[in-house]
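Have a look at the structure below before the remarks.
Chain identifiers are assigned alphabetically (A, B, ...) following the order of the sequence lines, protein sequences preceding nucleic acid strands; residue numbering begins at 1 within each chain.
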Amino acid sequence: MKVNSMNYDFRKIEAKWQEYWAKHETFKASNNSDKPKFYALSMFPYPSGAGLHVGHPLGYIATDIYSRYKRHKGFNVLHPMGYDSFGLPAEQYAIQTGQHPAITTENNIKRYREQLDQLGFSFDWSREVRTSNPQYYKWTQWIFIQLFNSWYNKKSDKAEDIVDLVALFEKEGNVIVEAVCDEDTPIFTADEWASFSEKTKQEILLKYRLTYLADTEVNWCPALGTVLANDEIVNGVSERGGHPVIRKKMTQWSMRITAYAQRLLDGLDKIDWPQPLKDSQTNWIGRSEGASVTFNVISSDSEKSQDTIEVFTTRPDTIFGASFMTLAPEHDLVPKITTEAQKAEVEAYVEATAKRSERDRMADIKTISGVFTGAYAEHPFTKEPVPIWIGDYVLASYGTGAVMAVPCGDQRDYDFAKHYNIPIPNIFEGVDISEEAFADKANTVIANSDFLNGLSYKEATKKVIAELERIGHGQGKVNYRLRDAVFSRQRYWGEPFPVYYADGMPQMIDEEHLPLELPEVEKYLPTETGEPPLGNATHWAWDRLKAEVVSNDLIDHVNVFPLELNTMPGWAGSSQYFNRYMDPRNDEAIFSKEAIGYWQDVDLYIGGSEHATGHLLYSRFWQKFMFDKGYVPKDEYAQKLINQGMITGSSAFVFRLLLEARQADSIYDKKEVEDFYSKLLSGNPVLVSKRIRNQLVHTQDSLPFDNLKIRLKDLFFKLENEVKSKFPEAELVSIDFDRRIGGIVPIHADVSLVNASDELDIEAFKEWQPEYKDAEFILEEGKYIVGREIEKMSKSKYNVVNPDAICEEYGADSLRLYEMFLGPLEQSKPWNTAGITGVHSFLKKMWRLYETIEDVEPNKDNLKTLHKTIKKVEEDIENFSFNTSVATFMICVNELTAQKCTSKAILEPLAILISPYAPHIAEELWELLGHAESIAEAPFPKFEANYLVESSKEYPISFNGKLRFKLELPLDMGKDAIEAAVMAHEKTQEQLQGRTPKKVIVVPGKIVNIVG
RNA sequence: GCCUUGGUGGCGGAAUUGGUAGACGCGCUGGAUUCAAAAUCCAGUUCUUUCGGGAGUGUGGGUUCGAUUCCCACCCAAGGUACCA
């Protein structure tokens, strides 16, 4: 018999075991082992200056529970952590303060590490990576070079070395080669290739490389000298400063992700990722089948060369219904084809469109706008002239930036045609299109369409494509919405490109000279001439002979060349980090063949769904590229992925009553009076408690106001006196409530000032906001109750909760359990610290359960409790349903406490069960149970079903589906016997009151339902 | 707008395949203990009621002996929408 008389001192216990794990490297993973491997990964964080809030660890705790569980199950577990440490906030901070982002980042990481450490994660810290570390980004640069030196061969359907492409060009030109390349790539023979200058050859190769330079449209803010993200633009102006933003073309690096569009789509079938996430990738890639059709522009000037407009349509079968065309206002042809008469109007429209964001244009379907260019295209079959319009509902970046508008078959085209009185020819048989377009493919029968008459959608599509091909006006085509990814950023704090420019052409720095480290700059802003921040570096030129970075003064374009001024985007560093963890200190290669051969891929990846189409798509693209080049064995890097939901904050509000003062005469200067009032009234705030606020808002009569006024008599009297002493001549002054709707304003209060019952600590509040030092608080039942609302956690809403204070007060084990207990991992849920006392008292109760440990045989009840817990917890972990297992632990401890269980045979397995969730207390109890080694690798308890066998069941007996009473019957009783027993029961007769039931439904082991 | 997810007591949530709605916890109410408080323990807690019962899982329909669960329509909220990460 062993007695533990200590209290649950979580501070001591948690510090002790965190130290033990660090000292013994308990969680260090080996790159070879007899055990099966398991790679559990959490998305690494961006180390922001605000530190971790309680939302961050949610996914980490889940991954940690699973990792620890797998260790108990006998796996060699890799569970690493690192930092995605390049990013905009550090740069912004640098711009404001001059502090080097590397220093800020280092400090932030230090703080993150402290916060992570105190939560007791089983990370193998020896494998930490930081994307901003030159030893790490050396390999990001290396991958960039590999992409530059590759092209996509459609025949083999994979990336291949650019050298092979050059060999093909030398042999046969580019006519036979099937490669993914730019649209405007010219066609040449082997002889022509040989005759090209070196520069021309390089220019052509750029059209094939998997990373290449191209002109792409960006949101340019001239005032800030920078490119903005869509979400940095509000109503067409920059969020910071409110400067105008325009769409502008810029030469930037792009990644030819479109080459992988089909494989990225197909790969989704092989991986166990959440369906919504797969859906958003599928939609993002946006595969659609249809036809590309070429329309000739009808030229008034016969000397002009023939202009053509290419459109992509998913409904080529409706081509005879095309009554106009719409081009994106940015379309190249617009300035060329616009007639003199329409010029002014078109130019104004193009300019106006340049100010709208793409999202704006897509979201806004209510306002119909467009302008006629004055030009016409020729219908490929009817040869009729088709007017060419421009409209901002057509986006330049999707398809060809031009649509053939078929108003009878497409609602947007229909609305446009109606709005501008363009004819709407009906080409559907038996369909009324006087009110709306008809877009139902399945019930389509084509009419008024020459050779397509009477055909279905499928038949007509097939026939029209064949006909288009025959007359040379188009062909069947698969189109993807996916665009090549822009890879340049005009920022300082990112990976530099290993690129210099000779004769205007990009050249790669040899791999052996990597990493190319970020240069020092004076200022982190764009240069005065609008170049990216690296343009401020004075030491940013490449000496090809010395193979080193030298001063810009030495640039001679012979041996010393300017380096690339852009940096890589945020997603560069995160696109292969999961593989780098396998061999993070390797200086010779991104990872060794042995390391990748052993770990292969990630078994479980947990992170936020907001990365669905960013990181999670780009990293799949890079993985496929790495696979093509033979560097990795799997073309999908994560077998299973779970999205954890967001933890939102529950903001607290106090309600401020607006007061107004009225004056009957006008002796004094109006402005002076108003200023005095506004100052006086704002200096004497009145805050009302929640229920009173609700009464005031919802009431029609003035009774609550009158009551309030009585309560505030003194205050009103005081205010009126102040007014009178200031304006003694004023005849009548009255202070009253401003009763306009919404005349009560909610004001955020810091959530730490509010207790579990939503009661505000008034004294603390006054101290927190000196503005309310002398405020009047109108209470309900002696308390000030705040309003609550769920919002995103953010500093400005005063609803951010840090894990530090919680760890200090309740301990990491309580926090871990509580984060899991909040609700399903995948769902977003609000945080409310108050509830943590529940799991904390559970841990204390559990600790008390181990006060006495005896080597006695467990009884039947003990075993039943233990084994149903084992069963449920194991199922829950496998299903990532961690919230329900916390409830299961509580039930288990409640039952064992009630049973006064002291048996070691029960308490020992229970400690292992809970160890993934609450590892510190589990280790301490394990030691108490007499073990010298860590609990980390103790085998997981085995479930035995025979302890749960029941002999009887309490049947719910319902009448017409409503439960009326319960009846205990043996489980092995047959259907007929159950029916007989139920019918014979006195309560049944009571319910039936002499009626004969129509039907009796008996489901053995479940329920009895009597109908009638 | 489009795509996705969600909607159950005062709150977070549970409910295995269509079979006892509200497990577990917070909060609240009452009690024990205490000089008092904290902590702890016990009991109660969906709403309504004439104490028989009745209603009830966002709203309105439907399928079924039986629907939180399946089907149809709608409403509301959150996330994503290509340079925030």
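Within 4.0 Å (heavy atoms only), A:Glu875 reaches no atom of the nucleic acid at all. At a threshold of 4.0 angstrom between heavy atoms, the contacts of A:Ser841 are confined to the sugar-phosphate backbone, with no base atom among them. Among the atoms of the strands shown, only primed sugar atoms or phosphate atoms (P, OP1, OP2) are found under 4.0 Å from some heavy atom of A:Leu822. A:Pro824 comes within contact range of the sugar-phosphate backbone alone, with a heavy-atom separation under 4.0 Å but no base atom that close. Heavy atoms of A:Asn894 sit under 4.0 angstrom from primed sugar atoms or phosphate atoms, though from no base atom. Here A:Thr282 lies out of heavy-atom contact (under 4.0 Å) with every strand. At the heavy-atom level, A:Ile836 lies nowhere under 4.0 Å from the strands shown. At the heavy-atom level, A:Val886 lies nowhere under 4.0 Å from the strands shown.
The P atoms of B:G7 and B:G62 are separated by 24 Å, rounded to the nearest whole Å. When the P atom is compared between B:U16 and B:C70, the two are found 11 Å apart, to the nearest whole Å. Look at the P atom in both B:A67 and B:U57: the space between them is 11 Å, to the nearest Å. Comparing B:G80 with B:G18, their C1' atoms sit 34 Å apart, to the nearest whole Å. Taking atom C1' in both B:G58 and B:G6, one finds a spacing of 11 Å when rounded to whole Å. Nucleotides B:C51 and B:U59 have their P atoms positioned 30 Å apart, rounded to a whole Å. The C1' atoms of B:U5 and B:G9 are separated by 24 Å, rounded to the nearest whole Å. Distance noted for atom C1' between B:G44 and B:G22: 16 Å (whole Å).
Look at A:Arg848 and you'll find a side-chain N or O under 4.0 angstrom from OP1 or OP2 of B:C41. Residue A:Lys1006 has no polar side-chain atom (N or O) positioned under 4.0 Å from OP1 or OP2 of B:U20. Between A:Lys999 and B:C65, a side-chain N or O to OP1/OP2 separation shorter than 4.0 Å is present. Side-chain N/O atoms of A:Arg483 include none lying less than 4.0 angstrom from OP1 or OP2 on B:A82.
Ring centroid separation for the pair A:Tyr818 and A:His840 does not come in under the 6.0 Å cut-off. For A:Phe10 and A:Tyr810, the distance between ring centers is not under 6.0 angstrom. Ring pair A:Tyr83/A:Tyr46: centre-to-centre distance not below 6.0 Å.
Within the model, atoms CG of A:Leu822 and CG of A:Leu817 stand 11.0 Å from one another, a figure rounded to the nearest 0.5 Å. Rounded to the nearest 0.5 Å, atoms OG1 (A:Thr869) and CG (A:Leu913) are 7.0 Å apart. Of the inter-residue distances, the one linking A:Ile285 atom CD1 with A:Leu265 atom CG reads 4.5 Å to the nearest 0.5 angstrom. Taken to the nearest 0.5 Å, the OG1 atom of A:Thr648 stands 10.5 Å off from the CG atom of A:Asn832.
Base-pair partner of B:C2: B:G80 (Watson-Crick or G-U wobble, both distances under 3.5 Å). Under the Watson-Crick and G-U wobble criteria, each requiring two contacts below 3.5 Å, nucleotide B:U29 is paired to B:A43. Nucleotide B:A36 has no partner under the Watson-Crick or G-U criteria, as no pair reaches both atom distances under 3.5 Å. Under the Watson-Crick and G-U wobble criteria, each requiring two contacts below 3.5 Å, nucleotide B:U64 is left unpaired. The partner of B:A14 is absent, by the rule that a Watson-Crick or G-U pair needs both atom distances under 3.5 Å. Under the Watson-Crick or G-U wobble criterion, with both distances below 3.5 Å, B:A73 is paired with B:U59.
The separation between A:Glu759 atom CD and B:G27 atom C1' is 12 Å, rounded to whole Å. A:Phe882 places its CZ atom 17 Å from the C1' atom of B:G13, with the value rounded to the nearest Å. Spacing between atom CH2 of A:Trp847 and atom C1' of B:U40 amounts to 18 Å, rounded to whole angstrom units. In this entry the distance linking CG of A:Leu616 with C1' of B:A85 reads 12 Å, nearest Å.
Residue A:Phe487 forms a ring-ring contact (aromatic ring centres under 6.0 Å, His included) with just one option from A:Trp571, A:Phe621, A:Tyr618, and that option is A:Trp571. For the pairing with A:Phe86, the ring-ring contact (aromatic ring centres under 6.0 Å, His included) check across A:Tyr137, A:Phe44, A:Tyr577 returns one residue only, A:Tyr137.
Between A:Gly835 and A:Ser828, the residue whose closest nucleotide on RNA chain B is further toward the 5' end is A:Ser828. Comparing A:Val839 and A:Ala612 by the nucleotide of RNA chain B that holds the closest heavy atom to each, the one mapping nearer the 5' end is A:Val839.
Distance alone, capped at 3.5 Å, places no donor-acceptor pair between the A:Glu826 side chain and the A:Asn643 backbone.
With its glycosidic angle more than 90° from 0, B:G13 is assigned anti. By the rule that a glycosidic angle within 90° of 0 means syn, B:G56 does not qualify and counts as anti.
With B:C24, B:G80, B:U20 as the candidates, the nucleotide lying closest to the side chain of A:Thr613 is B:G80. With distances taken from any side-chain atom of A:Trp284 to the nucleotides B:A82, B:G79, B:A85, the minimum falls on B:A82. The side chain of A:Val227 has B:C83 as its nearest neighbour among B:U4, B:C26, B:C83. Residue A:Asn883 places its side chain closer to B:A14 than to any other of B:A14, B:C65, B:C24. Residue A:Val1003 has its side chain nearest to B:G19 when only B:G19, B:G25, B:C83 are considered. With B:G25, B:C65, B:U4 as the candidates, the nucleotide lying closest to the side chain of A:Phe821 is B:G25. In this structure, of B:C24, B:A85, B:G27, it is B:C24 that holds the atom nearest to the side chain of A:Met890. Nearest nucleotide to the side chain of A:Thr884, out of B:U40, B:A14, B:A85: B:A14.
A search for salt bridge (charged side-chain N to carboxylate O under 4.0 Å, His left out) contacts involving A:Glu895 returns A:Lys868, not counting sequence neighbours.
You won't find any donor-acceptor pair under 3.5 Å spanning the side chain of A:Gln281 and the base of B:C3, going by distance alone. Checked by distance alone, A:Asn283 brings no side-chain donor or acceptor within 3.5 Å of a matching partner on the base of B:C3.
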List every contact pair, protein side and nucleotides 6-11 of chain B side both N or O, where the distance is under 3.5 Å.
none

